[in-house]
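Below is one structure, written out as C-alpha cells; comments come after it.
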Amino acid sequence: MKKVKHRNSTSKVLGFCLAFLLAFSTSIFAQGDPVAGKSLFNSNCAACHKLDKDMTGPALRGVAERLEKDWLFEWIRNSSKMIKAGDPYAVEIFEKYNKTAMTAFPQLSDADLENILAYTSEEKKAEVVPVAQAGAGDASADSGMSTDLVLGLLALILLVLAVMLFMVTKTLNNLAKQAGVQAEETDSVWQKFVKNQFLVLVAVIAFMLFAGYHAFGFLMQVGVDQGYQPVQPIHFSHKIHAGDNGIDCKYCHSSARVSKTSGIPSLNVCMNCHKNISEVAATTADGEYTKEFYDGEIQKLYDAVGWDGTKYTGESSPVKWVRVHNLPDFAYFNHSQHVTVAGVACQKCHGPVEEMEILEQHAPLTMGWCVNCHRETNVKVEGNEYYAKIHDELKKKYGVDQLTIAQMGGLECGKCHY
C-alpha cells in the first residue's frame, strides 16, 4: 500500500515538473517574431492602425501589456461577436471609434497573432536625423565666390578695353586736328559708307535677313512651353514618389493605359497611402525642402479631402491643380495608343520624372518633335496580327526589315489633324 502511494506521489511530482517545463517552454516560444509581425501588421492592420497614433482604430504600441492575450486573440478574430455579446471593453472601443466594426481575421493563426503582438511590443525607436556635412556648404560657397571673381575680372577687362579705345580715338582726333586742311577734306567712315550705294544695299539686305530670322524664331516659340514648371497648390514630389519609392506612373495615372488622356489622379488615390502616412521620415528631407515643409503639404491634402486623422469629416474642398502639359485643340494625341499599343515609356515624352522634385515640361511638344519621333521609331508588331500583316506587305515595298511609323502612314495629316 505504501509502495503504491510512493508511486502516486512520484508520478504527481513528475507531472508537475512536466507541466512546469511545458508552461515555461510555451512562454519562451510564445514571444513571437517582431520581424514577421511587422510584415503581418503592414498587410493586415496598417490600413486602420498605427503604432503611436490613433487613426481609424486606436494606437497599438504596447497593446499586449494593456490587455489580456486571450481577449486580444478573440477580438482580432471576431470583434463583432464580442460586441454583440456585450463585452464591456469591446463595446467601449466600438462606441469610441465611430461604431466602425473591425475587420475579422479568422485566418490568422496563434503564431501569427503572437508575431503581431511582438511587433507592437517593441519600444519606439528615435529617428536619427542625418547631420549635414560641413564641407558641402563650404564647397558651394567657394564655387559661388570663384564664379563672382571670374565675372568681376571679365567686367574689369571690358572696362579697360573701353577706356583704351576711348583714349586711342581721342588721340587720333587730336592728330587729325593738327593735320589741318587735309583732315577737314577727309570724309568720315560713315560718310564714305553712305555714298557707296552697293554697301548700303548689302547692309539693308543683311539687316532684313537678320531681323526676319529672329522674328521667325520668336514666332515659332509661341505656344512652346518647354521647361514650364508651375507651382502647384499642394507640393507633389515625383522624385520621392516615382523615384525613391518606385511607384509606377500608371498607378496614379491609370487612365493613360486605356484612354486618350493620362488623367489627373483623384485625391482618393493619394489617400490610399497617405491615410497611414501623415508625416515623412527625417531622411526624406533634402536641401530647401524640410521635414516640416513636407508634413505641411500632407496636411493640405488632409484638409482638401476632409480627413482629421481618424475619419472623414465630409468637409472637402477641390484642389485647383495647374496643368503642365497641354497640346493645342487641333492636335489629336491618344495616350493608350502610345502607352499600351506601342509600349512607349512615360519618360520618352515626359523626361526623367523620377528625378523631378517639381514637375516640368521636358519636351517641346511641337509638330516637328512628334514628326521626328515617327520617322525614327519602328512599329511594334509583336503580338499584333493587324500590324504584322501590313508590315509584311510594306517591308517588300520599301525593302526593309523594320518599318518606321512614318512608313506605316504616321505622317499623314489626318492622323493628328481631322
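What you see is a predicted model; the values in this text were computed from it and never measured. Residue indices begin at 1 and follow the sequence shown.
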Quiz item: Stepwise, does the salt bridge (charged side-chain N to carboxylate O under 4.0 Å, His left out) test hold for K69 with E114?
Solution: CA-CA 9 Å; K69 184 173 67 175; E114 290 283 2; 2.9 Å; yes
Quiz item: Say you draw a straight line from CZ of R323 to CD of Q361; how long is it, rounded to the nearest 0.5 Å?
Solution: 10.5 Å
Quiz item: Hey, does N44 have a side-chain heavy atom less than 4.5 Å from the side chain of F105?
Solution: yes
Quiz item: Looking only at heavy atoms, what is the nearest atom pair of S317 and D303, with distance?
Solution: OG-O, 4.2 Å
Quiz item: More than 12 non-hydrogen atoms from neighbouring residues, nucleotides or ligands closer than 6.0 Å to CD on E123, yes or no?
Solution: no
Quiz item: If you draw a 6.0 Å radius around CD in E315, do more than 12 non-hydrogen atoms from other residues or ligands fall strictly inside?
Solution: no
Quiz item: Parallel under 30°, tilted from 30 to 60°, perpendicular over 60°: which one fits the rings of Y294 and H235?
Solution: tilted
Exercise. Specify the closest pair of heavy atoms between C349 and A363, including all atoms of both residues, with the distance to one decimal.
Key: O-CB, 3.5 Å
Self-check item: Spacing of L327 atom CG and Y332 atom OH [to the nearest 0.5 Å]
Solution: 12.0 Å
Quiz item: Counting distance only, does the side-chain N/O of N245 pair as donor-acceptor with the main-chain N or O of I240 below 3.5 Å?
Solution: yes
Quiz item: So which heavy atom on H362 is nearest to which on Q226, and how close?
Solution: O-NE2, 3.0 Å
Quiz item: Hey, are the side chains of F41 and H49 touching, using non-hydrogen atoms and a 4.5 Å cut-off?
Solution: yes
Self-check item: Student check: side-chain heavy atoms of K38 and N42 closer than 4.5 Å
Solution: yes
Quiz item: Is the CG atom of D401 crowded by more than 12 outside heavy atoms at less than 6.0 Å?
Solution: no
Quiz item: Judged by modelled atom types alone, do Y119 and D33 share a side-chain donor-acceptor pair under 3.5 Å?
Solution: no
Quiz item: Roughly how far apart are Q407 CD and H374 NE2, rounded to 0.5 Å?
Solution: 13.5 Å
Exercise. Kindly state whether the ring of H338 and the ring of F333 have centres lying under 6.0 angstrom apart.
Key: yes
Self-check item: Check: K348 and C373 side chains under 4.5 Å, non-hydrogen atoms
Solution: yes
Quiz item: Can you name the one residue among Q299, K320, E297 that meets side-chain contact (heavy atoms from CB on, under 4.5 Å) with I234?
Solution: E297
Quiz item: What's the verdict on side chain to side chain contact (heavy atoms under 4.5 Å, CB included) for M271 and Y312, showing C-alpha distance, side-chain angles and the deciding distance?
Solution: CA-CA 11 Å; M271 291 300 292; Y312 288 102; 3.8 Å; yes
Self-check item: Any donor-acceptor N or O pair under 3.5 Å, side chains S262, K250
Solution: no
Self-check item: Pair I358-K239, side chain to side chain contact (heavy atoms under 4.5 Å, CB included): steps then yes or no
Solution: CA-CA 8 Å; I358 301 178; K239 178 178 179 294; over 6 Å; no
Quiz item: V280 versus I298: any side-chain heavy-atom pair under 4.5 Å?
Solution: yes
Quiz item: Can you list every side-chain hydrogen bond (donor to acceptor under 3.5 Å, both in side chains) pair that touches residues 74-83, not counting sequence neighbours?
Solution: R77-D110
Quiz item: Is it true that the side chains of S121 and E65 contain a donor and an acceptor less than 3.5 Å apart?
Solution: yes
Quiz item: D54 side chain to A59 main-chain N or O, any donor-acceptor pair under 3.5 Å?
Solution: yes
Quiz item: For the atom pair NE2 (H238) and CD (E355), what is the distance rounded to the nearest 0.5 Å?
Solution: 13.0 Å
Exercise. Indicate yes or no: at least one non-hydrogen side-chain atom of L365 is less than 4.5 angstrom from one of V224.
Key: no
Quiz item: Is D295 salt-bridged to K291, going by a charged N under 4.0 Å from an acidic O?
Solution: yes
Quiz prompt | Note, S336 side chain near R257 side chain (heavy atom, < 4.5 Å) | solution = no
Quiz item: Can you check whether E357's main-chain N or O pairs, donor with acceptor, with Y289's side chain at less than 3.5 Å?
Solution: no
Quiz item: Do S266 and N268 have side-chain atoms, one donor and one acceptor, less than 3.5 Å apart?
Solution: no
Quiz item: What is the distance from atom CZ of R61 to atom OG1 of T120, rounded to the nearest 0.5 Å?
Solution: 8.5 Å
Quiz item: For Y228, does its backbone N or O pair with a side-chain atom of D225 as donor and acceptor, under 3.5 Å?
Solution: no
Self-check item: Minimum side-chain heavy-atom gap I83-E95 below 4.5 Å
Solution: no
Exercise. Please report the C-alpha distance between H214 and F218 in whole Å, then the side-chain angles of each, then the deciding distance to 0.1 Å, and finally whether the ring pair (Phe, Tyr, Trp, His ring centres under 6.0 Å) criterion is met.
Key: CA-CA 6 Å; H214 285 278; F218 173 79; over 10 Å; no
Self-check item: Smallest separation among heavy atoms of Q229 and L359, with atom names
Solution: CG-O, 3.6 Å
Practice problem: Evaluate side chain to side chain contact (heavy atoms under 4.5 Å, CB included) for C270 paired with L301, printing each intermediate quantity in order. | Solution: CA-CA 8 Å; C270 304; L301 169 64; 3.9 Å; yes
Quiz item: Between H253 and P265, what is the shortest heavy-atom contact and its length?
Solution: CE1-CD, 3.7 Å
Quiz item: What is the distance from atom CE of M356 to atom OG of S237, rounded to the nearest 0.5 Å?
Solution: 11.5 Å
Quiz item: Step by step, would you call M408 with I390 a side chain to side chain contact (heavy atoms under 4.5 Å, CB included)?
Solution: CA-CA 8 Å; M408 293 277 287; I390 298 178; 3.9 Å; yes
Self-check item: For V324 against P230, the heavy-atom pair lying closest together
Solution: CG2-CG, 3.8 Å
